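Everything quoted here is computed from the prediction, not taken from an experiment. Heads up: numbering here begins at 1 and tracks the sequence.
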Amino acid sequence: MSRREHVVHVGFADQDVSHIDFDSYDVTLLLDAYNHSLMPQHTRDRFARIGIIDTPHRINVEDYDLSIGQMIDHVSEFARDLGAPRAIVGLYEHTVLPAARLREAFGLPGTDVRTALLTRDKVLMKEALREVVRVPRYWSVGSGTTEGELTEIAAALPGKVVLKPKCQAASFGVEIFDDAQSFLRHVRDRGIEDGHHVEEFVEGDVCHFDGFVRDGEIRFLHASRYLGDCFSFQYRREGLASVALDDPDEVAVIRDFTQRVLNTLGLRDSAFHLEAFRTPEGGLVFLEIAGRFGGGYIRRHFEVAYELDLIRESIAACMNLPSAVDRPLTNLDLRDAGRGVAGWVHPALREEARCRVTEVRGPDTYPASVILAETPEVGTVFNDAPGLFVGSGLFILAGESTAQIEQDARTIMNAYDVEVEVLPEPER
């Protein structure tokens, strides 16, 4: 019988292995078979046990939650040898909810099932928040929604119509129609699967507010505005960038908005990624929230620009360990260190098929604000495996103002490009 405490991790990314404290705890892992097959043996050997869960090999963030029975069985087996778990760690979109279900099953503290659902299901979160902040109009739809009901919904939306899954990420499965007629034609031709909703299209800038909360108080908040949007990155292969906001009054409004959202949903100890529209009139409209750190390169951006480790903070929150930040801060509080206004650029990869880089253009045009540039070498192969947020490089910037960072980000987006050649699919 081990004398060390037992900690369970749900899901795994190889770049995060250095954050796991194998020296102090017996760490077990729940992981799907495909990602387990990609783990180096020396990494597997660091875990006290690995429970392989049987899930389809596809992009669907609900598959782990659908396998919760397997997970409970694995953890029960681990506990017979290693003792009852001290904590359950779930860091990713597909693992936050099953981690909460495991905490409930084994009587552990941390983000509970109610809050995990409210930070996952896009209809439930808007229902909870509609009396607290402004939210888009929305309607749950599925295979049982009648044509008459859909026509009535479409009539209430004079402009564009958004159809999206309730529980996916990175704009996966989202469709935007120019008008009600094209939406209704789509429904007649293809139908609607269960688990979807129709949402009002809101005009305005798409912003994202990232950070972490401890004991119900925002410990760090980073307020940013996208240049582009996740939908266009995913489906139109257009570059995506983000710039921090530098107006103290606006950041104060955003902080209050974010705190009200977190309080209402019950998210008390976690990283968070909240998206909202900033309307032409200057108001905020809630879009969605996730109870984990932001995807893409947001985590890397925090690390390089602000010396803040979102993985460490996320694990500490799951394990009720102290935060490295001992007082409430925003990115503007770091201005004296020259890091208050930062941003990132994530150029899109135009090719969806498996491909190899033949040329990288633009490396001589980087502005002085670039503090990190990661670009592929000629010969790099992309799209070897399914991915939600595949880009052709990463640039992180830091400077004196939002205007400067935005100008420099657009310079990079216009100058940088990667040429590729399509490769045959390998034999499986």
Side-chain angles (χ1 to χ4, degrees), residues 170-171 204-212 220-234 237-255 258 271-278 284 287 290 293-310 329-349 362-375 389-418:
S171 293
D205 296 326
V206 183
C207 299
H208 61 108
F209 314 141
D210 297 274
F212 44 91
F220 184 78
L221 174 69
H222 185 269
S224 303
R225 173 170 57 86
Y226 285 123
L227 306 180
D229 57 74
C230 295
F231 179 86
S232 298
F233 182 91
Q234 200 74 270
R237 301 287 165 171
E238 297 176 3
L240 181 65
S242 172
V243 295
L245 302 175
D246 63 2
D247 182 335
D249 292 336
E250 183 176 24
V251 173
V253 169
I254 289 168
R255 184 184 181 89
T258 303
F272 61 84
H273 174 69
L274 191 162
E275 295 186 341
F277 299 102
R278 185 175 64 178
L284 293 172
L287 174 56
F293 54 85
Y297 288 97
I298 289 173
R299 176 186 68 81
R300 190 75 186 282
H301 172 233
F302 266 56
E303 177 186 351
V304 173
Y306 301 116
E307 298 178 4
L308 289 171
D309 190 333
L310 283 178
L329 298 173
T330 72
N331 57 289
L332 297 184
D333 295 310
L334 302 177
R335 272 186 160 177
D336 290 343
R339 296 178 278 132
V341 183
W344 49 265
V345 178
H346 191 26
L349 181 69
D364 297 329
T365 62
Y366 302 156
S369 60
V370 174
I371 58 176
L372 176 76
E374 292 183 345
T375 59
F389 223 72
V390 180
S392 62
L394 170 66
F395 302 86
I396 296 176
L397 304 82
E400 295 299 321
S401 69
T402 298
Q404 177 204 342
I405 297 301
E406 178 174 350
Q407 179 180 353
D408 290 351
R410 293 191 185 280
T411 296
I412 294 169
M413 294 172 81
N414 290 332
Y416 180 79
D417 195 18
V418 171

Participant: May I ask you to test the Asp210-Leu310 pair for a side-chain heavy-atom distance under 4.5 Å?
Facilitator: no

Participant: What pairs with Ala252 under side chain to side chain contact (heavy atoms under 4.5 Å, CB included), at least two apart in sequence or on another chain?
Facilitator: none

Participant: Which residues pass the side chain to side chain donor-acceptor pair (under 3.5 Å) test with Asp309, sequence neighbours left out?
Facilitator: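 Checked Asp309 against side chain to side chain donor-acceptor pair (under 3.5 Å); matches are His19.
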
Participant: If you look at every heavy atom in Tyr306 and Ala244, which pair is closest and at what distance?
Facilitator: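 Distance-wise, the nearest heavy atoms are OH-CB, 4.0 Å.
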
Participant: Can you name the residues that form a side chain to side chain donor-acceptor pair (under 3.5 Å) with Thr411, not counting sequence neighbours?
Facilitator: none

Participant: List for me each residue that meets ring-ring contact (aromatic ring centres under 6.0 Å, His included) alongside Tyr226, sequence neighbours excluded, and say none if there are none.
Facilitator: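 Per chain and number, Tyr226 pairs via ring-ring contact (aromatic ring centres under 6.0 Å, His included) with His208.
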
Participant: Return the set of residues passing salt bridge (charged side-chain N to carboxylate O under 4.0 Å, His left out) with Arg225 (not counting sequence neighbours), or none when no residue passes.
Facilitator: Glu406

Participant: Identify, with sequence neighbours excluded, every residue that meets salt bridge (charged side-chain N to carboxylate O under 4.0 Å, His left out) alongside Asp417.
Facilitator: Arg350, Arg361

Participant: Can you check whether Leu245 reaches Arg278 side chain to side chain, under 4.5 Å on heavy atoms?
Facilitator: yes

Participant: Is there side-chain contact between Phe293 and Ile298, with heavy atoms separated by less than 4.5 Å?
Facilitator: no

Participant: Do you know which two heavy atoms are closest between Val251 and Ala223, and how far apart they sit?
Facilitator: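 Looking at all heavy atoms of both residues, the closest pair is CG2-CB, 4.4 Å.
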
Participant: Do Cys230 and Glu275 touch side chain to side chain, with heavy atoms closer than 4.5 Å?
Facilitator: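 A side-chain contact exists here, since the closest heavy-atom pair is under 4.5 Å.
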
Participant: Could you tell me which residues satisfy side chain to side chain contact (heavy atoms under 4.5 Å, CB included) with Ala241, sequence neighbours excluded, listed by chain and number?
Facilitator: Leu227, Val345, Ala409, Met413

Participant: According to salt bridge (charged side-chain N to carboxylate O under 4.0 Å, His left out), who are the partners of Glu374, at least two apart in sequence or on a separate chain?
Facilitator: Arg300

Participant: Within the 4.5 Å heavy-atom criterion, are Asp408 and Tyr366 side-chain neighbours or not?
Facilitator: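 Not in contact.
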
Participant: Salt bridge (charged side-chain N to carboxylate O under 4.0 Å, His left out) with Glu238: which residues, sequence neighbours excluded?
Facilitator: none

Participant: Using every non-hydrogen atom in the two residues, find where Ala342 and His301 come nearest and quote the distance to one decimal.
Facilitator: CB-NE2, 3.5 Å

Participant: Looking only at non-hydrogen atoms, find the nearest pair between Ile405 and Gly399 and report the distance.
Facilitator: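 Of all heavy-atom pairs spanning Ile405 and Gly399, the closest is CD1-N, 3.4 Å.
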
Participant: Does the side chain of Tyr416 reach to within under 4.5 Å of the side chain of Ser392, using non-hydrogen atoms?
Facilitator: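 Answer yes - side chains close enough.
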
Participant: Measure the spacing between CZ of Phe272 and CZ of Phe209 and express it to the nearest 0.5 Å.
Facilitator: 10.0 Å

Participant: Could you give the distance from OH (Tyr297) to CG (Leu240), rounded to the nearest 0.5 Å?
Facilitator: 12.0 Å

Participant: Which residues pass the side chain to side chain donor-acceptor pair (under 3.5 Å) test with Glu307, not counting sequence neighbours?
Facilitator: none

Participant: The criterion is side chain to side chain donor-acceptor pair (under 3.5 Å); which residues satisfy it with Thr330, sequence neighbours excluded?
Facilitator: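 With neighbours one apart ignored, the set is empty.
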
Participant: Hey, could you give me the CD1/NE2 distance between Ile254 and His222, rounded to the nearest 0.5 Å?
Facilitator: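 Here the interatomic distance stands at 10.5 Å.
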
Participant: Quick check: do Thr375 and Phe395 have side-chain heavy atoms less than 4.5 Å from each other?
Facilitator: yes

Participant: Return the minimal non-hydrogen interatomic distance between Ala305 and Ile396, and the atom names on each side.
Facilitator: CB-CG2, 4.3 Å

Participant: How long is the span from the NE2 atom in His346 to the CD1 atom in Ile412, to the nearest 0.5 Å?
Facilitator: 13.5 Å

Participant: Can you list the residues that meet the ring-ring contact (aromatic ring centres under 6.0 Å, His included) rule with Phe220, with sequence neighbours excluded?
Facilitator: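 Phe220 satisfies ring-ring contact (aromatic ring centres under 6.0 Å, His included) with Phe302 once adjacent residues are dropped.
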
